[in-house]
Structure formats: structure tokens, C-alpha cells
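Worksheet for the structure shown next.
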Amino acid sequence: MAGALPSPDPKRLLAWYDVHKRALPWRVRRDPYRIWLSEVMAQQTTLAAVIPYYQAFLARWPSLADLAAADAEEVLAAWSGLGYYRRARHLHACARIVAQDLGGRFPESVEGLRALPGLGAYSAAAIAAIAFERPTVPVDGNVLRVVARLFAVTKPLAQAKADLAERAQTLRPRRRFGDFAQALMELGALVCTPRAPDCPRCPWAKACRARAQGIADSLPQKSAKKAKPMLQAVAFLLRRADGAVLLRRRPDTGLLAGMLELPSTPWREKPWNLDDALEHAPPGRDWQESAPPFRHVFSHVSVTLRVVAGRPAGRLAGLWAKPGQWGGLALPSLTAKALARSGQS
DNA sequence: AACACGTGGTA
DNA sequence: TTACCAAGTGT
């Protein structure tokens with residue numbers, strides 16, 4: 001009974017893609033720089049969030065050489081709000097390597113691309129296929145899900161990844177490798193969705209073992225996620241008479257590495273009382289709560305931040321910035337929220 | 001294999 | 001409100 005299903009036909013998926021593909025900005029032209037930029041931005045990030053950043057980067061740095069010539073700091077600032085900031089450093093480092101060491105041209109092979117900072121197995125394969133028509137099937141979260149369902153792989157995702165990636169390669173067409181890569185992801189995004197897959201509209205419905213078994217919506221099997229520690233912190237908003245606010249730079253490793261923040265207490269599980277918190281404050285006076293506490297959720301921790309505002313006691317050295325300058329600074333969402341909720345916009 | 005690493009949208 | 005999740009990478 002298990003052998004009664006037809007094999008998934010690549011041409012059938014490509015025909016579906018020709019009709020249903022979305023008009024994404026990086027599909028306007030096949031340019032390795034633009035494809036690379038879009039792929040790095042799209043890592044673990046919804047396309048809706050990517051598009052405005054992609055447009056802004058392209059407008060500001062139209063070519064690889066432009067981006068390579070930029071300062072790392074301005075790239076980080078332009079990336080602000082998109083998250084996973086290590087990507088911005090890798091992006092810039094990669095631009096410089098390609099511009100300076102590789103003659104301004106991206107490697108065209110998966111292995112060559114894979115050696116560049118910020119490009120892992122998925123991104124290297126995606127760029128090789130989409131920009132250079134290399135015969136490879138990039139495996140992202142969409143593809144893992146589609147393949148897990150197609151072959152009814154019930155093993156937990158973490159243990160099945162290698163198997164699923166291998167099976168994905170067997171789906172490869174004879175031509176149109178770039179389109180096929182995007183078609184597979186588009187299928188996962190539009191039809192073979194995590195919840196409530198739209199099987200009746202799927203070009204591969206008849207080949208899908210999970211659908212045949214009625215278990216499509218339960219695949220792939222994911223393991224439970226670790227609970228996030230709930231941390232507490234108090235941030236200090238020191239505002240000068242001219243409106244400038246004191247910021248500081250975070251350490252160059254770890255969460256929000258190298259990004260700017262308000263001076264703050266350490267983040268800990270136990271709530272702070274104001275007196276203890278103020279031992280961590282920069283020299284100031286007239287401290288008072290400037291907004292209700294708010295929660296900000298990161299990938300692996302959750303922080304509840306209280307913001308207290310005060311006036312500087314004396315002349316303080318440090319990074320002072322006014323509201324008008326914030327667009328050019330590396331402000332993560334946590335800092336942006338703290339400022340906005342304290343009326344500093 | 002498992003974990004660190006952001007953010008905002010959706011149910 | 002909680003929980004899940006998105007065109008993953010590096011360690």
C-alpha cells in the first residue's frame with residue numbers, strides 16, 4: 001500500500017511556481033549582490049520584515065563595492081531593529097572579503113560561498129542555485145517541513161535533519177535550479193504551512209505520504225523549547241539640558257553585541273529596588289520613573305525593564321546623543337522602546 | 001545535538 | 001497572555 005504514491009514531479013512544482021510566485025524585490029533581477037543581501041537578511045526572519053531593510057540597504061549601498069566601503073558601524077546602525085546583529089557584522093566582513101580579496105565577484109560554488117562569513121549550508125546553496133544556477137537544493141525550514149511531510153518522516157526534526165536534507169536533493173530537477181529552490185520554499189510558505197496546510201491546493205498532494213496518512217499537520221515533529229529566564233533590570237535615562245541622552249556600548253560578545261543601550265543595572269531574576277539599582281547608575285540626581293515597566297522578549301531570555309530618568313550631576317564624558325541622531329545609531333529594539341516610552345522620540 | 005542569538009506577527 | 005514561528009549560523 002505504501003508504494004502506491006507517485007513520485008513528486010519537479011516540473012509540476014515549477015509550473016505551480018510560475019503561476020503563484022510572489023513579486024519579491026530581489027526577484028526583479030538576477031544579481032549576486034542582491035541575492036546574497038536578501039538571503040542574509042532572510043535568515044530566521046520573516047520576508048515582511050526583510051523587505052524595507054532590503055530596500056533601504058540597496059538604496060544606500062547600491063553595489064557590493066559601496067557596502068564594502070561603508071563603516072561597520074553604519075552597517076550595524078542600518079541593521080538596527082532587524083535582529084540577530086551578528087549577521088550585520090558578517091555581512092560587512094563578507095562584503096570586504098569579496099570586494100578586496102576576490103576581485104569583487106562572489107564565488108559561484110557552494111563550497112566557495114560556504115567559506116564566507118555569515119553563509120552556512122542553506123545560504124551557500126541558495127545563492128549558488130539562485131544566483132549561479134548550480135544544481136543544488138538549499139534546505140531551509142520550509143524545505144525541511146515540505147520534505148518531512150512528503151516522505152512522512154515522523155522522527156523528531158532535530159534528529160531527522162540530515163536525512164531530510166538528503167531526501168531534498170533527490171527532488172532536484174534537471175534544469176531551473178534557482179527557480180526550483182525558490183519554488184520549494186514558496187510552497188512551504190504559501191501552501192505547506194506549519195499550521196493548517198492547504199493540501200487541496202498543493203501540486204504535490206498526490207505524492208505526499210503524510211497527507212495519505214492524514215498526519216501532514218502534525219509534521220515535522222518538534223521538541224519542546226526551553227523556558228526563557230525572566231530577567232529584571234533598571235535602565236537610567238540621563239538627559240542633559242540640551243536634550244542629549246547618555247548611551248553606552250554593550251560588550252562585543254553575547255546578546256546585542258556592540259549595540260547601544262541606556263546605562264543599566266545587571267539583568268537578574270530578582271526584582272530591583274530603586275536604592276540597590278541606583279548603585280549602578282551614572283552620576284545623576286532627581287531620579288524618577290519615566291514610564292511604566294515593560295517587557296522585551298529576546299530569542300532566549302525575557303527582560304522586564306524599568307526606566308528611571310534623571311539629570312546629570314556634573315559634566316559626564318560618554319556617548320551623548322539627541323533624538324534626531326538616533327536613526328544613525330546602532331539602537332536595538334530594547335533601547336528604542338525604552339527611549340520611546342520615556343518620551344524621547 | 002544543543003544552545004546562543006532578535007524581532008514582530010499570528011492564533 | 002502565552003506560544004509558536006520565520007528563506008539559519010556559529011560554536
Side-chain angles (χ1 to χ4, degrees), chain A residues 17 21-22 24-27 34-54 76 79-91 93-94 113-131 137-146 155-162 165 168 178-190 192-196 217 220 222-230 250-259 261 295-303 330-337:
Chain A
Y17 177 68
K21 70 172 172 184
R22 291 168 291 179
L24 300 172
W26 44 89
R27 286 181 180 160
R34 298 181 187 206
I35 292 165
W36 162 73
L37 178 62
S38 71
E39 288 300 341
V40 174
M41 285 185 167
Q43 289 166 1
Q44 284 294 283
T45 307
T46 56
L47 299 190
V50 166
I51 288 170
Y53 283 83
Y54 173 84
L76 198 57
W79 198 274
S80 293
L82 195 54
Y84 287 139
Y85 297 101
R86 189 166 50 168
R87 291 183 296 170
R89 301 176 182 289
H90 285 326
L91 185 85
C94 182
L113 289 160
R114 180 72 183 76
L116 293 168
L119 302 185
Y122 162 75
S123 301
I127 296 165
I130 298 168
V137 179
V139 180
D140 75 331
N142 289 303
V143 177
L144 287 173
R145 183 173 59 255
V146 168
K155 209 190 316 178
L157 191 56
Q159 287 106 70
K161 275 188 181 172
D179 282 345
F180 185 77
Q182 295 176 85
L184 213 40
M185 294 188 280
E186 203 82 325
L187 184 71
L190 300 179
C192 194
T193 48
R195 284 170 299 214
D217 61 350
K222 299 200 157 187
S223 47
K225 296 193 173 173
K226 233 176 56 169
K228 297 182 203 292
M230 311 269 281
R250 291 181 57 86
D252 62 9
T253 59
L255 188 66
L256 304 178
M259 303 294 285
E261 67 178 358
R295 176 176 301 189
H296 186 80
V297 181
F298 293 96
S299 49
H300 63 296
V301 296
S302 169
V303 181
L331 299 182
S333 290
L334 175 68
T335 308
K337 270 192 207 175

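Because the structure is predicted, anything quoted here is derived from the model rather than measured. All chains are named by letter (A, B, ...) in the order of the sequence lines, taking the proteins before the strands, and each is independently numbered beginning at 1. Reckoned from all heavy atoms, side chains included, excluding hydrogens, waters and symmetry mates.
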Worksheet item: Taking only residues two or more places apart in sequence, or in another chain, which ones meet A:H90 in a ring pair (Phe, Tyr, Trp, His ring centres under 6.0 Å)?
Response: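 Not a single residue meets the ring pair (Phe, Tyr, Trp, His ring centres under 6.0 Å) criterion with A:H90.
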Between [M] and [N], how far apart are the [atom1] atoms? Round to whole Å, please.
N     : M     : atom1 : answer
B:dC3 : C:dC4 : P     : 15 Å
B:dA1 : C:dG8 : C1'   : 16 Å
B:dC5 : C:dT2 : P     : 23 Å
B:dG8 : C:dT9 : P     : 22 Å

Fill in: A:Q43 side-chain N/O to A:G118 backbone N/O, donor-acceptor pair under 3.5 Å
yes
Worksheet item: With no hydrogens and no angle check, is any side-chain donor or acceptor of A:S80 less than 3.5 Å from a backbone partner on A:L331?
Response: yes
Practice prompt. Begin with the C-alpha distance, continue with both residues' side-chain angles, and end with the deciding distance and a verdict on ring-ring contact (aromatic ring centres under 6.0 Å, His included) for A:F298 and A:H300.
Written response: CA-CA 6 Å; A:F298 293 96; A:H300 63 296; 7.6 Å; no
Response to the item:
Comparing A:Q159 with A:K337, nearest DNA chain B nucleotide closer to 5' gives the residue A:Q159
Worksheet entry | Contact nearer the 5' end of DNA chain B, comparing A:G81 with A:S223 | A:S223
For a quick check of understanding: with a heavy-atom distance under 4.0 Å over all strands, which category does [X] fall into, base, sugar-phosphate or nothing?
X      : answer
A:S299 : base
A:L256 : sugar-phosphate
A:V143 : nothing
A:A158 : sugar-phosphate

Fill in: Terminal contacting nucleotides, 5' and 3', DNA chain B versus chain A (heavy atom, 4.0 Å)
B:dA1 to B:dG8
Discussion item. Could you check whether A:K337 pairs with A:E261 (Lys NZ or Arg NE/NH1/NH2 to Asp/Glu carboxylate O, under 4.0 Å)?
Written reply: no
Practice prompt. Classify every nucleotide of nucleotides 1-11 of chain C by which part a protein heavy atom approaches to under 4.0 Å, writing B for the base, S for the sugar-phosphate alone and - for neither, in 5'-to-3' order.
Written response: -S--SBBBBS-
Under the side chain to side chain donor-acceptor pair (under 3.5 Å) test, residues paired with [X] that sit two or more places apart:
X      : value
A:Y53  : none
A:R34  : A:D31
A:T335 : none

Practice prompt. Take A:Y122 and A:E39, measure what side chain to side chain donor-acceptor pair (under 3.5 Å) needs, and give me the verdict at the end.
Written response: CA-CA 9 Å; A:Y122 162 75; A:E39 288 300 341; 2.7 Å; yes
